[in-house]
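Some notes on the structure that comes next.
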Amino acid sequence: MNNAEIVDLTHRNLVDIYGCLPIALARGQGSWLEDADGNRYLDFFCGLAVTNLGHSHPRLVRAVREQAERLMHVSNIFHTEPTARLAANLASRFGDGRVFFGNSGAEANEAAIKLARRWGHRDGGGRYEIVATLGSFHGRTLATLSATGQEKYHQGFQPLVPGFRMAPFDDLGALERSVSDNTVGVMLEPIQGEGGVVVPKADYLKRVREFCDRNHLLMILDEIQVGVGRTGKFFGYEHTGVKPDIVTLAKALGGGLPLGAMIAKSDIAASLTPGSHGTTFGGNPVSCAAGLAMVEAIDEERVLENATRVGGAMLERLREIAKTCDRITEVRGLGMIIGVVLKHDARPVVDACLKEHLLVNGTAGNVLRLLPPLNLSRADAERGLAIVERALRTAPVP
Ligand SMILES: *Cc1c(COP(=O)(O)O)cnc(C)c1O
């Protein structure tokens, strides 16, 4: 099928929720994608921070193929080696942790919320309320939607799940004032992704941690977008010197296969007892084999160093461009998550990049978000940034 045929067939049959671009992608290799008509694109989008090693990374392809040939699914009442090994890898990275596997970010956060409530009922004096932050994004299930601090996602889905309060992000005083006698924990992203690549002050997470410790509150970090190396460290919180009680991962964890994880300190995780939570597909051996290949590649192929070095150079170059480009108000980010904040909607700049076959994303209305593969070469970084610069200088202002 060609591009137009696939686009048309999609439009006629899928529930229309994604505002799709008119491109049907057929294959990918490294930082490059090809559509069904044979056009090539440089990928600074990565399936929304999922394909952190680029497309068809040989190590991932081999792991998935070998595991698919051997065994694709059993049930969580049996053990499999890839699941056991990935859990061990993640638990030891976190340090004295226990892992729950789901199939998506929303499921990982849903598990974190349920664990916090369970812990609250058992050890937390009956507390259940979670304070989340304005501008956050935690997923689309009803509970994770209720934890999401953006009203546009709530429209028409009320009533939301009770037990959530909102406080402004990067404002410790406001967070302190939002806590009540019923509060069991706080939930936030180390850098707000969908919210517009919002990087908090350097000591914010440390002060949230201290506040949680003083008040016997769980600190839950949603690292679904920034985890698995995106910021140049495996966990985003490693930049801050503090450790959360619960962290969630998904997006890049399965390298493109559906996989999410909630990792909790062992004593807290003990609140989830046999039969209290579960999912049929979570931690299936094929996704976990891909996840294992992902985390091993990150350790063995100097991926984090590259994300820090090339991402840092990109951030610098964009800040240089901003000095002579009126429509930019700020450039922010860390490693390979970069936001270019515009005075207007990002759409015309996204479209101008697309015309030159560079895939980028716009979020929070006016933020151009770059999420390149962590192993992006310097040459491709320069190629992509040349397109971004042209788009920033010439795209129409809406
Ligand atoms: C994408 C995302 C989610 C939701 O993940 P899904 O896999 O789409 O359910 C949750 N939190 C953050 C920070 C995300 O970026």
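Just so we're clear, the structure is a prediction, and the values are computed from it rather than from any experiment. Counting starts at 1 for both ligands and their atoms, in listed order.
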- Identify whether the distance between the nearest side-chain nitrogen and carboxylate oxygen of Glu305 and Arg302 falls below 4.0 Å. yes
- Message: What verdict does the side-chain contact (heavy atoms from CB on, under 4.5 Å) test give for Glu210 and Arg207, after you've listed the backbone C-alpha separation in whole Å, the side-chain angles of each residue and the deciding distance to 0.1 Å?
- Response: CA-CA 5 Å; Glu210 289 163 1; Arg207 295 180 63 199; 4.2 Å; yes
- Nearest non-hydrogen protein atom, atom 9 (O) of ligand 1: Ala106 N, 2.8 Å
- Message: Could you check whether Arg117 makes a cation-pi contact with Tyr128, meaning its NZ or CZ is under 6.0 Å from the centre of the six-membered ring and within 45° of the ring axis?
- Response: no
- Message: Is there a polar contact between ligand 1 and Gly139, counting only N or O atoms under 3.5 Å apart?
- Response: no
- Message: Applying a heavy-atom cut-off of 4.0 Å, say which part of Thr144 lies close to ligand 1: side chain, backbone, both or neither.
- Response: neither
- Shortest protein contact, atom 7 (O) of ligand 1 (heavy atom only): Gly105 N, 2.8 Å
- Which residue holds the protein heavy atom closest to atom 1 (C) of ligand 1, what is that atom called, and what is the gap in Å? Lys251 NZ, 1.4 Å
- For ligand 1, which part of Glu189 has a heavy atom less than 4.0 Å away: the side chain, the backbone, both, or neither? side chain
- Message: Any nitrogen or oxygen of Gln225, side chain or backbone, less than 3.5 Å from one on ligand 1?
- Response: yes
- Query: In terms of atom number and element, which parts of ligand 1 are under 4.0 angstrom from non-hydrogen atoms of Asp222?
  - Reply: 10 (C), 11 (N), 12 (C), 13 (C)
- Presence of salt bridge, Asp351 and Arg347, under 4.0 angstrom: yes
- With a cut-off of under 6.0 Å to the ring centre and 45° to the axis, is Lys243 in cation-pi contact with Phe94? yes
- Using a distance threshold of 4.0 Å (strictly less than), state whether atom 11 (N) of ligand 1 has a protein heavy-atom neighbour. yes
- Message: With a 4.5 Å cut-off on side-chain heavy-atom distances among I, L, V, M, F, W and Y, is there a chain of contacts connecting Met336 to Leu253?
- Response: yes
- Query: At a 4.0 Å threshold, what atoms of ligand 1 neighbour a non-hydrogen atom of Asn109?
  - Reply: 10 (C), 11 (N)
- Query: Do NZ/NE/NH1/NH2 and the carboxylate oxygens of Arg230 and Glu223 come within less than 4.0 Å?
  - Reply: no
- Item | Distance filter under 4.0 Å to Ser104 heavy atoms, resulting ligand 1 atoms | 7 (O), 9 (O)
- Task: If the plane angle is over 60° it's perpendicular, under 30° parallel, otherwise tilted; pick one for Phe281 and His73.
- Result: perpendicular
